[in-house]
Number of protein chains: 2
Amino acid sequence: METARVPGTPTIREVAALAQVSAMTVSRVLRGSPTVSQTNRERVEAAVKVLGYRPNAVARSLRQRHRTGTVGLIVTNLGNPFYAALALGIEAELAPQGRRVMLTNTAGDPASERDAVGDLASRQVEGIILVPAGPTQAYLAEELPGGPPVVMVGRPPSGIDADCVLVDDFGGAHAATNALLAAGHRRIGFLGNPPSVYTGSERYRGFCAALEEAGVPLPDDYVRRAQQDLASAEAAADQLLALPEPPTAIFCTNNRNTIGAYRALRRNQVVATISGFDDFELADVLTVPVTVVTYDAESLGRHAARLLAGRMAGGDVDQSTLPRRIVVPTTVVTHAALPSAGTASRGVRAEA
Amino acid sequence: METARVPGTPTIREVAALAQVSAMTVSRVLRGSPTVSQTNRERVEAAVKVLGYRPNAVARSLRQRHRTGTVGLIVTNLGNPFYAALALGIEAELAPQGRRVMLTNTAGDPASERDAVGDLASRQVEGIILVPAGPTQAYLAEELPGGPPVVMVGRPPSGIDADCVLVDDFGGAHAATNALLAAGHRRIGFLGNPPSVYTGSERYRGFCAALEEAGVPLPDDYVRRAQQDLASAEAAADQLLALPEPPTAIFCTNNRNTIGAYRALRRNQVVATISGFDDFELADVLTVPVTVVTYDAESLGRHAARLLAGRMAGGDVDQSTLPRRIVVPTTVVTHAALPSAGTASRGVRAEA
DNA sequence: CTGTTAGCGCTTTCAG
DNA sequence: CTGAAAGCGCTAACAG
């Protein structure tokens, strides 16, 4: 049974046999150890080439106790360009470290998130970057005792300690609302996620704070909640527009809501200023003015990867270091309306 | 040295010791083998719970020779919504099979693609889904002798045999061009990728075939090439519009070109019909008519994952089966222009 | 139904 | 500088 091997997958022993050295010498050459004679190094390299040998990373990981060079990424919806950009940033940061990303899409299902965490831990990932789907991550405490470090993205950890990377939700909403106020708006509606969602409540807080600072009132019926889909946002915007005194501007807490609101305006043939989180392509060619809050999702991913790298095996951060938190800044971009006589520029940027 | 273990990572032996059975019995229980007595099963399950034991998938993979339950995905640009949707479809198809996706972004660099293939093979992925960056994949033959099966997406394999999933590039371009002809256009310009890119040449072929069938001439200067970025597309479109007899419609082979062409029209205050591959959000609210070719990128990913599943360990396809090819159909969607008096519908679909 | 033995492919450890 | 022995955590193969 000694010779019953697949021809295409040689092992280190076969390389050793061909090179007439021990497996250890081959192992040393493969890892670039300096303690190998020039002669042996060449013999081994030749044998590797002849056999088309490729080291088995799984076997290596097993022996090296958990050094798998893999990182888990759990997102709620890869179809959202925001998460795609996040994944891109993470991959770009980790690949040069020789680490690979294992991708999981939860479709917003907390149970699926929990399963994924368990499975990734089983696969010995060295760390996990998590965009949480549910309200709490307390389960991580029992799921990962002594397991891989976790970095959370987009909302702070709840029920557990972990590093995290956040967007300046409050500041961005505050700045965008200020831009609307500066443009002379006094009747400003709000279209957003339910307050149970972290980003939704933070952005609502920023919105309210700006209004309050300006002494501008916010009638109860100017506040509408919608889900993350166009239809629900359109319906909510319709309600705003149907008010006896409709708002002259609407602030939306996410991309879907912004575009839904625009469609409602267009269908009702109303001109009002649209404002919201997340820039989008063609925002500058719409028939109403658009003011958006934007930020660099790829950079968010890079930050998350760097935080994680610090916690992983070989990282620079002491495990006793307190949870770290990075807040990524936002920028307000004002797009002129298509038929407007205003500035013709594609976008006017202002620091948040 | 027997007890020098990290408390948080128990092994199967510790579970066995606690349950007072052998490691094999634990292993059997974990995998749901029916040949375990009820008593022992309960003892083991209790011990697992007490210790918080989680099987080590790396050790399992090593023993089970390559059954890692991982698949490699190599794309050129995750930031492109098309690839994000592709990844989503692949993940959705593989996750229920207990397989995880290892993601790699090549940024269009063939050398990076080759490195990624080697690394993924080293990590013992059971298969690879590849959106090729370079003109040939001949290197796979020497890189993967007896290695994991590969499925290509978006363009057919070159220099090697492999299953692949393609978009009906020819048919889509043909149908879209026919739609322009049916709308009465006789001066139709072409804005596309260099013909060295598979999709570019196929779409050009479809475009030409439709014109030829209709007996409509295609002047040389009606054909312009652009890269996959807005600036280059805008410049190329400018040239088309600057012709003595400019086209009344422009067919573009990709999303970036379509939007670039639209920006050129808008800047030059010209009304012409825009047509192109890939639908995009807000296409229906532009100031000119837009006719796009669309297809389901997520479904493309699902098809790719299914083809791969057939070739992987435990798959249903004999390895001697000839390379399979799936062509995903396209749909032509006509969006009415914003100020037009035509149909008010969001989009008129027609089978390609 | 259960356990023992052996070994996946590699690297740590220690002895030359 | 080199190699032999042992074993990472798990499971196939066999024997009871």
Side-chain angles (χ1 to χ4, degrees), chain A residues 1-6 8-44 47-48 51-69 121-124 146 313, chain B residues 1-6 8-17 19-44 47-48 51-69 121-124 146-147 313:
Chain A
M1 284 290 116
E2 268 303 314
T3 50
R5 303 208 75 272
V6 182
T9 41
T11 74
I12 204 172
R13 285 179 209 288
E14 289 164 62
V15 175
L18 182 60
Q20 309 209 55
V21 297
S22 74
M24 265 320 294
T25 298
V26 176
S27 175
R28 289 188 178 105
V29 170
L30 291 175
R31 284 173 296 150
S33 160
T35 73
V36 178
S37 70
Q38 185 63 19
T39 331
N40 276 347
R41 183 179 306 281
E42 281 163 11
R43 296 169 73 97
V44 169
V48 163
L51 294 176
Y53 169 80
R54 186 195 309 286
N56 182 327
V58 170
R60 182 175 283 178
S61 300
L62 179 61
R63 185 65 243 233
Q64 291 182 334
R65 195 83 96 131
H66 302 298
R67 301 197 137 217
T68 52
S122 219
R123 292 175 187 278
Q124 314 297 123
Chain B
M1 283 289 115
E2 267 304 312
T3 50
R5 303 211 73 272
V6 181
T9 39
T11 73
I12 204 171
R13 285 179 208 288
E14 289 164 62
V15 176
Q20 312 207 55
V21 296
S22 74
M24 267 318 294
T25 298
V26 177
S27 176
R28 289 188 179 106
V29 171
L30 291 174
R31 285 173 295 150
S33 160
T35 72
V36 179
S37 72
Q38 185 62 19
T39 331
N40 276 346
R41 183 179 306 282
E42 280 163 12
R43 297 169 75 97
V44 168
V48 163
L51 295 176
Y53 169 80
R54 187 195 307 286
N56 182 327
V58 170
R60 181 175 283 179
S61 300
L62 180 61
R63 184 65 245 230
Q64 292 181 334
R65 196 83 96 123
H66 303 297
R67 303 195 134 218
T68 52
S122 218
R123 292 176 188 278
Q124 315 297 121

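Keep in mind it's a predicted model, so treat the numbers as computed, not measured.
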* To do: Compare the minimum distances between each of dA4(D), dT2(C), dT11(C) and the side chain of Ser22(A), then state the nucleotide with the smallest one.
  => dA4(D)
* Structure fact -> When Asn56(A) and Ser37(B) are each assigned the nearest nucleotide of DNA chain C, the 5'-most assignment goes to Ser37(B)
* To do: Give one of base, sugar-phosphate or nothing for Val58(A), where a contact means two heavy atoms less than 4.0 Å apart.
  => nothing
* To do: Tell me, yes or no, whether the heavy-atom count around Arg41(A) atom CZ, taken from other residues, nucleotides or ligands under 6.0 Å, exceeds 12.
  => yes
* Asked: Roughly, in whole Å, what's the span from CZ in Arg13(A) to C1' in dT11(C)?
  -> 11 Å
* Is the shortest side-chain N/O distance from Thr25(B) to OP1 or OP2 of dG3(C) below 4.0 Å? -> yes
* Nearest atoms (heavy-atom pairs only) where Gln64(A) meets Arg67(A) -> O-CG, 3.3 Å
* To do: Calculate the interatomic distance between Leu62(A) atom CG and dT11(C) atom P; express it in whole Å.
  => 11 Å
* Would you kindly give the CD-to-C1' distance between Gln20(A) and dT2(D), to the nearest whole Å? => 15 Å
* Respond yes when some side-chain nitrogen or oxygen of Thr11(A) is under 4.0 Å from OP1 or OP2 of dC8(C), and no when none is. => no
* Asked: Separation of Gln38(B) atom CD from dT2(C) atom C1', in whole Å?
  -> 16 Å
* Structure fact -> Taking every heavy atom of Pro55(B) against every heavy atom of Ser122(A), the minimum-distance pair comes out as O-OG, 2.7 Å
* Structure fact -> Rounded to whole Å, CZ of Arg67(A) lies from P of dG9(C) at a distance of 23 Å
* Structure fact -> Overall bend of the helix from dC1(C)-dG16(D) to dG16(C)-dC1(D) (five pairs an end, 10° steps) is 40°
* Structure fact -> Val36(B) has its side chain closest, among dC10(D), dT2(C), dT11(C), to dT2(C)
* Asked: For Ile12(B) and dT11(D), what is the distance between atoms CD1 and C1' respectively, to the nearest whole Å?
  -> 8 Å
* **Val36(A) and its side chain to side chain contact (heavy atoms under 4.5 Å, CB included) partner, picked from Thr25(A), Val21(A), Val44(A), Val26(A)** => Thr25(A)
* Distance-minimising heavy-atom pair for Ala23(A) and Ala16(A) -> N-CB, 3.6 Å
* **Short side-chain donor-acceptor distance under 3.5 Å, Ser27(B) and Arg31(B)** => yes
* What's the CD-P distance between Glu14(B) and dG9(D), to the nearest Å? -> 8 Å
* Does dG9(C) have OP1 or OP2 sitting under 4.0 Å from an N or O in the side chain of Arg65(B)? -> yes
* Return the 5'-most residue of the pair Asn40(B), Ala59(B) with respect to DNA chain C, ranking by each residue's nearest nucleotide. => Asn40(B)
* In terms of side-chain heavy atoms of Ala23(A), which of dC10(D), dT11(C), dC8(D) is nearest? -> dT11(C)
* To do: Examine dC10(C): is either OP1 or OP2 under 4.0 Å from a nitrogen or oxygen in the side chain of Ser27(A)? Give yes or no.
  => no
* **Any donor-acceptor N/O pair, Arg43(B) side chain to Ala19(B) backbone, under 3.5 Å** => yes
* Answer whether the closest heavy-atom distance between the side chains of Val29(B) and Val15(B) falls below 4.5 Å. => no
* **Nearest-angstrom distance from the residue atom NE2 of His66(B) to C1' of dT11(D)** => 15 Å
Using the 3.5 Å cut-off, write out each protein N or O paired with an N or O of nucleotides 12-16 of chain D and the distance between them.
from    : atom 1 : to       : atom 2 : distance (Å)
dA12(D) : OP2    : Arg31(B) : NH1    : 3.0

* **Under 4.0 angstrom between Arg60(B) side-chain N/O and dT11(D) OP1 or OP2** => yes
* Is the backbone of Ser61(B) close enough, under 3.5 Å, to the side chain of Thr68(B) for a donor and an acceptor to pair up by distance? -> no
* Structure fact -> Residues Ile12(B) and Tyr53(B): closest non-hydrogen pair is N-CE1, 3.6 Å
